[in-house]
Amino acid sequence: MGNFTAVILDFETTGLSPNYGDRTIEVGAVLVTNNRITDRFQSLMNPGMKISSFIEDYTGITNRMLSDAPAINEVMQKLKSFIARHPLVAHNASFDSRFLDAEFGRINHRRVNEFACSMLISRRIYPDAPNHRLETLVRYKSLKTDGIHHRALADAEMTAHLWISMINDIKSDYCRNEVPFGLMQQLAKTKRKKVQELLLDT
DNA sequence: TGCCAGGCCCTCTTTAGGGCCTT
């Protein structure tokens, strides 16, 4: 008891803003139970438009690969089942939550899941990291990686390892048996100077 | 037509500006 389940997810997209027409082109998600990855979900998605050469270069996902991919709505239905009502985590969650909510909106679904941001939490837990990009934190904490970056499942797995690492570090640094999701969310909203206070207090 | 993100966080702040993160 006490070890919560969460889904860590990551999107590759055509750009930065769903409000300006950008769509998702790949999703990766992993289920974390008892601080271990216990299930995985990944799919490319055909956004119905050409992606820029910048995105092709950035992700390694090509227009050719997407032409054979399933429609976004179809994948969103499957993603909806995968995430169920589990709390969600993403690195810079404001980005992924915007896209998730936009794509769910297109299938007339409204997200009920809570969201936590591993980037905001890492700024509190690892203030001395050179920066808080996912890639940097993976190196900084010597986390498991297959060396692939900017692909959805690889990034989701690295984010999951970061998430697990942060929970384990809080447990050992503050002698805690468990670190509930709500505390992680609270951390993200806590001023850096008040972090010690929060973790010692609760 | 052409424009175009958005939210957090720090500081030489709050009557603001700019860097960080995500694609």
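In what follows, every chain begins at residue 1, and chains take the letters A, B, ... in the order their sequences are listed.
At a threshold of 4.5 Å between non-hydrogen side-chain atoms, the residues A:Leu198 and A:Leu183 count as touching. Taking 4.5 Å as the limit, every side-chain heavy atom of A:Leu9 sits out of range of all side-chain heavy atoms of A:Phe82. Using a 4.5 Å heavy-atom threshold, the side chains of A:His150 and A:Glu135 count as touching.
Taking atom C1' in both B:dC3 and B:dC10, the straight-line distance is 29 Å, to the nearest Å. Comparing B:dT1 with B:dG17, their C1' atoms sit 30 Å apart, to the nearest whole Å. Comparing B:dC12 with B:dG19, their P atoms are spaced 15 Å from each other, to the whole Å. Taking atom C1' on both nucleotides, B:dG18 is separated from B:dT13 by 12 Å, rounded to a whole Å. Comparing the P positions of B:dC20 and B:dG2 gives a spacing of 32 Å, expressed to the nearest Å.
As judged by a 4.0 angstrom heavy-atom cut-off over every strand, A:Ile25 is placed among residues making no nucleic acid contact. Nucleic acid contact for A:Asp10: sugar-phosphate only, since backbone atoms but no base atoms lie under 4.0 Å from a heavy atom of the residue. Residue contacts for A:Leu120: at a heavy-atom cut-off of 4.0 Å it reaches the sugar-phosphate backbone alone, with no base atom in range. Within 4.0 Å of A:Ala188, counting heavy atoms only, lie sugar-phosphate atoms of the nucleic acid but no base atom. Note on A:Asp22: nothing from the nucleic acid sits closer than 4.0 angstrom, heavy atoms only. A:Asp57 comes within contact range of no nucleotide atom at all, as no heavy-atom separation falls under 4.0 Å. A:Phe11 comes within contact range of the sugar-phosphate backbone alone, with a heavy-atom separation under 4.0 Å but no base atom that close.
Taking every side-chain heavy atom of A:His91 into account, B:dT22 is the closest of B:dT23, B:dT22, B:dC10. Relative to the side chain of A:Arg98, the nucleotides B:dT23, B:dA5, B:dC21 differ in distance, and B:dA5 lies closest. Among the nucleotides B:dC21, B:dG6, B:dT23, the one closest to any side-chain atom of A:His150 is B:dT23. Distance from the side chain of A:Met119 is smallest for B:dC21 among the nucleotides B:dA5, B:dT23, B:dC21. Of the listed nucleotides (B:dT23, B:dC21, B:dC10), B:dT23 has the atom at the smallest distance from the side chain of A:Tyr58. Among B:dC10, B:dC21, B:dG6, the nucleotide with an atom closest to any side-chain atom of A:Ser94 is B:dG6. For A:Arg123, the side-chain atoms get nearest to B:dC20 when compared with the rest of B:dA5, B:dC10, B:dC20. Listed nucleotides B:dC8, B:dA5, B:dT22 differ in distance to A:Ser17; the shortest reach to its side chain belongs to B:dA5.
Going from atom CD1 of A:Ile121 over to atom P of B:dC21 covers 15 Å, rounded to whole Å. Summarising the geometry, the separation between CE on A:Met158 and P on B:dT22 is reported as 10 Å, rounded to the nearest angstrom. When rounded to the nearest whole Å, the span between NZ of A:Lys194 and C1' of B:dC8 equals 19 Å. Rounded to a whole Å, the CD atom of A:Glu26 is 12 Å from the C1' atom of B:dT23. Taking atom CG of residue A:Asn131 and atom C1' of nucleotide B:dC8, one finds them 16 Å apart after rounding to whole Å. Atom C1' of nucleotide B:dC20 and atom CD of A:Glu135 are separated by 15 Å, given to the nearest angstrom. Taking atom CZ of A:Phe115 as the reference point, atom P of B:dT22 lies 15 Å away to the nearest angstrom.
Along DNA chain B, the nucleotide closest to A:Asn19 and the one closest to A:Thr59 are compared, and the more 5′ of them pairs with A:Asn19.
Taking the six-membered ring for Trp and thresholds of 30 and 60 degrees, A:Phe181 and A:Trp163 have ring planes inclined between 30 and 60 degrees apart.
Under 3.5 Å, the side chains of A:Thr136 and A:Asn131 contain a donor-acceptor pair of N or O atoms. In this structure, a donor-acceptor pair under 3.5 Å is absent between the side chains of A:Asp22 and A:Ser17.
A salt bridge links A:Arg40 and A:Glu157; the closest N-O separation between the charged side-chain nitrogens and carboxylate oxygens is under 4.0 Å.
At B:dC20, none of the side-chain N or O atoms of A:His132 fall inside 4.0 Å of OP1 or OP2 (strictly under the cut-off).
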